Amino acid sequence: MVNTLSLYKPLLQGLMKLAGVTPRAVEIEPGTVIRFWVPSETTTTNKPAVVFLHGFGLDGILTWQFQVLALAKKYAVYVPDLLFFGDSITDKTERSPAFQAECMAKGLRKLRVEKCTLVGLSYGGIVGFKMAEMFPNLVDSMVITCSVMALTESITCAGLQRIGFSSWADYLIPETVEGVKKLLDVAFYKLPWIPDFVYRHILEALYFDHKKERHELLEALIVKDKDFTVPSFTQRIYLLWGVDDIIFDKEEVRNLKELLEGKATVHCIERAGHLVELERPFAYNRQLKQILASLYEDGKEN
């Protein structure tokens, strides 16, 4: 049987091109290439730039497909694949969120993005926080979804206990069809029925490549509690959450807001889990549009 995801992706890519974005490989340095979806317009526009950073499960365009369709007309939308996802690759041995952040920032600079709003989901939110810390002149504001500032040991222990796994790798790098089912069941508030062959196709299409490197990414992600310090952020930050996320739950979003010391506002979507942007895309897009409008309309952008 032909892999259904392999059939869907060319259709999705065609739809993205109709929406106004096109794929582009950006060489960061020899041996490191980031694949971005970028605005297809060849002339410079005054559209505000919005950069979407995906989580650990899917690549960029699969994660953010509904948001691209909703926003590409009004905003200059950029959707990269993080390293070792999709078509982004490096021969360097560095695996930290800081290295991901540096590569994303260099890629955006090469694409002539001078200032942007970052929208980061889960792992992408962690990379987004690091980008905001390291490149404050590039990152003007952030929308963080179901993520944390850093994946500390205490956050790891609490999160793994909630989802019933012994390690992030056991959950995020499934080896079997049952592993894919469990991954999605945890990530959704209410997972729709999906036939087993589709789970198998997801496993084959998304989780067979770069296993070693993804294990290394997860190992580099965890921070000892005593080594974690809260950076001073200058950006406006919005926390857009699925109320029923059990990976980073209500307590985690409250803790994150406290760490940000009044710099963040919380926006919640009911009946939605960790993958809120896929599970309830219309509700997510409505709130995201409101946030972006508050930043960019009526001359309010910095």
Side-chain angles (χ1 to χ4, degrees), residues 24-38 49-60 63-64 77-152 155 168 172 210 213-224 227-239 248 256 259-260 263-264:
R24 180 171 170 183
V26 178
E27 185 178 60
I28 307 304
E29 55 188 82
T32 302
V33 177
I34 303 293
R35 201 274 285 275
F36 283 82
W37 283 82
V38 304
V50 181
V51 178
F52 289 91
L53 300 178
H54 64 83
F56 211 86
L58 308 176
D59 65 17
T63 300
W64 298 112
V77 171
Y78 296 82
V79 185
D81 290 335
L82 295 168
L83 289 167
F84 301 115
F85 295 90
D87 294 327
S88 294
I89 193 72
T90 184
D91 60 5
K92 306 297 184 293
T93 59
E94 178 62 62
R95 300 289 184 262
S96 69
F99 182 64
Q100 290 272 22
E102 182 180 359
C103 290
M104 294 303 118
K106 286 181 177 178
L108 290 168
R109 292 297 192 199
K110 286 177 177 284
L111 294 168
R112 299 182 179 179
V113 177
E114 296 180 358
K115 186 179 289 190
C116 68
T117 293
L118 280 183
V119 183
L121 168 72
S122 194
Y123 179 53
I126 296 173
V127 175
F129 271 120
K130 190 58 68 173
M131 284 181 67
E133 176 189 352
M134 296 170 63
F135 306 99
N137 292 330
L138 171 64
V139 181
D140 187 56
S141 53
M142 290 194 295
V143 181
I144 299 296
T145 294
C146 300
S147 187
V148 290
M149 199 179 297
L151 195 58
T152 61
I155 290 174
W168 290 119
L172 291 168
H210 304 304
E213 292 84 359
R214 291 185 188 182
H215 276 275
E216 293 167 350
L217 290 175
L218 289 173
E219 290 171 6
L221 199 54
I222 299 175
V223 179
K224 293 183 182 298
D227 294 335
F228 172 62
T229 57
V230 181
S232 178
F233 292 104
T234 59
Q235 296 87 354
R236 294 172 68 177
I237 301 172
Y238 303 83
L239 308 178
F248 300 126
L256 181 55
L259 288 176
L260 291 167
K263 293 187 177 71

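Just so it is clear, the model here is predicted, and its values are computed rather than measured.
For E94, the side chain to side chain donor-acceptor pair (under 3.5 Å) criterion is met by S96, not counting sequence neighbours. E29 is linked by a side chain to side chain donor-acceptor pair (under 3.5 Å) to K92, counting only residues two or more places apart in sequence or in another chain. Qualifying salt bridge (charged side-chain N to carboxylate O under 4.0 Å, His left out) partners for R35, counting only residues two or more places apart in sequence or in other chains: D81, D87. Applying the side chain to side chain contact (heavy atoms under 4.5 Å, CB included) test to I222 and every residue at least two apart in sequence or in another chain returns L151, E153, T156, W168. The side chain to side chain donor-acceptor pair (under 3.5 Å) check on Y78 picks up nothing, with sequence neighbours excluded. In terms of the side chain to side chain contact (heavy atoms under 4.5 Å, CB included) criterion, residue partners of H215 (sequence neighbours excluded) are, by chain and number, A169, I173. Applying the side chain to side chain contact (heavy atoms under 4.5 Å, CB included) test to S122 and every residue at least two apart in sequence or in another chain returns F248, H274. Applying the side chain to side chain donor-acceptor pair (under 3.5 Å) test to S88 and every residue at least two apart in sequence or in another chain returns nothing. With sequence neighbours excluded, the residues satisfying side chain to side chain contact (heavy atoms under 4.5 Å, CB included) with R24 are V26, V38, L111. For W37, there are no ring-ring contact (aromatic ring centres under 6.0 Å, His included) partners two or more places apart in sequence or in a different chain.
Between the CD1 atom in I144 and the OH atom in Y238 there is a gap of 12.5 Å [rounded to 0.5 Å]. Note that the NE2 atom of H210 and the CD atom of E216 stand 12.0 Å from one another [nearest 0.5 Å]. Between L260 atom CG and L239 atom CG the span is 6.5 Å, to the nearest 0.5 Å. Between the CG atom in L256 and the CG atom in L259 there is a gap of 6.5 Å [rounded to 0.5 Å]. The CD1 atom of I89 lies 9.0 Å from the OG1 atom of T32; values are rounded to the nearest 0.5 Å. Here SG of C116 is found 4.5 Å from CG of L138. Values are rounded to the nearest 0.5 Å.
For the pair G124 and L53, the tightest heavy-atom approach, listed with the atom from each and the gap, is O-CD1, 3.5 Å. Of all non-hydrogen atoms in I34 and C103, the two that sit nearest each other are CD1-CB, 4.3 Å. The shortest non-hydrogen separation linking E133 to P136 is O-CD, 3.8 Å. Taking each heavy atom of D91 and P30 in turn, the nearest pair found is OD1-O, 4.0 Å. Q235 and A132 make their closest contact through NE2-O, 3.1 Å (heavy atoms, listed as atom of the first residue, atom of the second, distance). Between A150 and I155, the shortest heavy-atom distance links the atoms O-CD1, 3.5 Å.
Within the 4.5 Å cutoff, no side-chain heavy atoms of V143 are placed close to those of L118. Side-chain contact between F84 and R95 is present, with heavy atoms from C-beta onward closer than 4.5 Å. Looking only at side-chain heavy atoms (C-beta outward), W64 and L121 come within less than 4.5 Å of each other. The closest side-chain heavy-atom distance from Q100 to K130 is not below 4.5 Å. For the pair I237 and F129, the minimum side-chain heavy-atom distance is below 4.5 Å. Under the 4.5 Å side-chain criterion, counting only non-hydrogen atoms from C-beta, T63 is not in contact with V79. At a threshold of 4.5 Å between non-hydrogen side-chain atoms, the residues V51 and V119 do not count as touching.
Evaluation of the ring-ring contact (aromatic ring centres under 6.0 Å, His included) test over residues 85-118, restricted to residues two or more places apart or in two chains, returns H54-F85, F56-F85. Within the structure, the side-chain hydrogen bond (donor to acceptor under 3.5 Å, both in side chains) test picks out the following pairs touching residues 103-112 (sequence neighbours left out): E102-K106.
No option in K115, M131, E114 other than M131 meets the side chain to side chain contact (heavy atoms under 4.5 Å, CB included) test with L108.
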CA sep, side-chain torsions, deciding dist, call: L217, Y123, side-chain contact (heavy atoms from CB on, under 4.5 Å): CA-CA 10 Å; L217 290 175; Y123 179 53; 3.8 Å; yes

